[in-house]
Amino acid sequence: MNKKEFLTIEEIAEGFRSQDFTPSSILDYFFNNINQNRKINAYISTYEDDAVLMAEKFDKLFKEGNELDILSGIPISLKDIFLVKDKLCTCGSKMLSNYISNYDSTVKKKLTEKGAIILGKTNMDEFAMGSSTETSFFGPTLNPWDLDRVPGGSSGGSAASVAGKLAPASIGTDTGGSIRQPASFCGVVGLKPTYGRVSRYGMIAFASSLDQAGPLTLSVNDSAILLDAVSGFDERDTTSLKLPPTNCYESLKKNDFSPNDYVIGIPYNLLEEGLDPEVKNNFNILVEKLKSSGFRIEEVSLPNSKYAVAIYYIIAPSEASSNLSRYDGIRYGLSNDSDVDSLDDFYVMNRSEGFGEEVKRRIMLGTYALSSGYYDAYYLKAVKVKKMIEDDFGKAFEKVDCILSPTSPELPFKLGEKKDNPLSMYLSDILTIPANLAQLPSISIPFNVSSSNLPIGAQLTGDKLCEESLLKISSLIEKEVDFKITI
Ligand code: GLN
């Protein structure tokens with residue numbers, strides 16, 4: 001095996017079938033990389049012993065020539081927000097630093113039922129709040145492209161694990177951009193499916209009406225493979241859509257689609273200000289390239305998306321303030337009862353010790369927005385504007401198949417650069433948040449590097465439940481740009 005190569009799920013699966021390599025040898029390759037790159041801090045925990053046993057089981061099954069699911073024996077990393085029975089699940093927080101899950105999340109269960117081997121749990125911003133993975137109690141993750149820079153967030157550990165050859169693929173979560181923005185910062189593919197496509201059962205809640213799990217991978221085909229594996233109705237999640245799992249990989253493999261079949265919309269009104277000049281130039285070059293390859297390009301207007309960040313920072317903290325009330329030291333969380341005289345003191349002590357700065361800020365914002373007298377002015381108004389944003393997309397999709405923009409307005413920034421400026425951190429998600437508010441599927445695909453060799457991602461957003469055409473268009477763009485990770 002050429003150790004310089006990035007191996008996709010498809011390539012590994014192919015190698016198992018041609019007996020070029022075994023699940024054990026692949027596992028060994030990834031654990032070697034993980035152990036040699038601990039400084040990247042992509043993982044909070046790793047499961048080497050369990051994984052080795054699973055891989056040996058699959059070695060035997062492949063050797064016997066059994067026909068197995070494409071994910072059989074494939075190592076995958078999981079964001080530390082998904083419960084895995086009997087394992088630590090920290091959500092990047094001191095509050096849950098010794099919390100052991102007593103059941104499996106649906107995402108984990110579906111993956112392992114198909115034979116995937118969980119490598120471990122990846123680092124993340126505390127409770128998925130952040131855009132840089134710097135708010136983790138376990139220290140920041142470093143961007144494998146440049147160790148002085150952030151990998152994006154909150155699924156920064158997942159993105160870094162894929163870009164750093166510490167996993168061939170990962171599953172993260174996206175509430176306002178946390179799959180797509182780190183995918184863009186690390187030069188990998190990141191897909192946030194339609195809200196409700198993937199079960200949230202056993203996935204620790206941040207903002208329940210926006211949270212959605214999805215894959216971070218090296219290719220669009222791999223993204224389809226993982227979406228097919230983890231999607232589908234789950235009676236344990238009341239917001240799960242009553243639909244069967246997707247079947248996108250098969251459709252992609254048919255190869256019966258071309259750029260001429262699609263119209264791509266560009267929301268130029270959102271791209272006028274605030275873009276890094278390199279991001280803007282490269283994006284414009286991409287658009288020209290896509291035009292000449294046969295896509296039709298049209299301007300679309302999303303007039304209300306300019307309010308998306310403001311709306312998001314009312315809705316997400318409001319839901320978070322409610323979801324995080326369970327970490328009171330009695331039901332969940334740190335439970336230190338020394339030196340307290342009353343129950344109130346107990347709550348205050350555990351919550352002030354257990355949560356980091358950013359989480360406290362969000363809880364305060366949310367509690368304020370929901371408080372009596374302010375609820376109508378903030379929360380209700382935000383919900384109305386959310387609907388307007390959704391309607392704008394509905395209109396746009398009457399004339400285009402998907403909407404293209406850069407994923408992030410900026411290149412991966414330096415560690416610490418935005419730490420003391422929450423507002424500038426919040427603006428990192430200006431282009432990703434609208435898709436969460438409108439519940440739409442949205443993907444980031446790497447398409448070029450900057451002059452300083454940092455990756456740049458393009459975001460494509462599709463209409464509800466249109467993952468299949470979104471992935472087809474993405475796959476055509478992937479072929480067109482022929483992006484390679486050059487670390
Ligand atoms: N960066 C955004 C936030 O901090 C989005 C996070 C996410 O998608 N989980 O809320």
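Order of appearance sets the numbers: ligands from 1, and atoms from 1 within every ligand. Starting from 1, each residue takes its place in the sequence as its number.
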For ligand 1, which atoms, with element, lie under 4.0 Å from some heavy atom of [X]?
X: Met129; answer: 4 (O)
X: Ser154; answer: 9 (N)
X: Tyr313; answer: 2 (C), 3 (C), 4 (O), 10 (O)
X: Asp174; answer: 8 (O)
X: Ala128; answer: 6 (C), 7 (C), 9 (N)

Which residue supplies the protein heavy atom nearest to [atom], what is that atom called, and how far is it?
atom: atom 1 (N) of ligand 1; answer: Asp429 OD2, 2.5 Å
atom: atom 5 (C) of ligand 1; answer: Tyr312 OH, 3.3 Å
atom: atom 6 (C) of ligand 1; answer: Ser178 OG, 2.9 Å

Check the angle between the aromatic planes of Tyr378 and Tyr368 and answer parallel, tilted or perpendicular using the 30° and 60° thresholds.
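Judged by the thresholds at 30° and 60°, the geometry between Tyr378 and Tyr368 is tilted.
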Does the plane of the ring in Phe127 sit parallel, tilted or perpendicular to the ring in Tyr327? Use 30° and 60° as the thresholds.
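If you compare the ring of Phe127 with that of Tyr327, the planes turn out tilted.
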Is a side-chain N or O of Asp276 found less than 3.5 angstrom from the main chain of Pro409, in a donor-acceptor match?
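No; judged by distance alone, with no hydrogens or angles, the pair does not exist.
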For ligand 1, is there an N or O atom under 3.5 Å from any N or O atom of [X]?
X: Gly176; answer: yes
X: Phe206; answer: no
X: Gly130; answer: yes
X: Arg362; answer: yes
X: Lys79; answer: no

Any carboxylate oxygen within less than 4.0 angstrom of a Lys/Arg side-chain nitrogen, looking at Glu390 and Lys464?
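A salt bridge is present here (some side-chain N lies under 4.0 Å from a carboxylate O).
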In plain terms, say whether Lys87 and Asp50 are close enough for a salt bridge, that is, a side-chain N and a carboxylate O under 4.0 Å apart.
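Salt bridge flag = yes for Asp50 with Lys87.
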On the six-membered ring of Phe355, is Lys94 placed so that its NZ or CZ lies under 6.0 angstrom from the centre and within 45° of the ring axis?
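Geometry flag: not set, cation outside 6.0 Å or 45°.
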Verdict with supporting geometry, Trp145 and Phe185, side chain to side chain contact (heavy atoms under 4.5 Å, CB included):
CA-CA 9 Å; Trp145 289 75; Phe185 276 20; over 6 Å; no
Hey, mind stepping through Tyr379 and Tyr374 against ring-ring contact (aromatic ring centres under 6.0 Å, His included) and telling me if it holds?
CA-CA 8 Å; Tyr379 188 77; Tyr374 294 103; over 10 Å; no
Does a donor on one side chain sit under 3.5 Å from an acceptor on the other, for Asp211 and Thr173?
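Checked: Asp211/Thr173 side chains show no N/O donor-acceptor pair below 3.5 Å.
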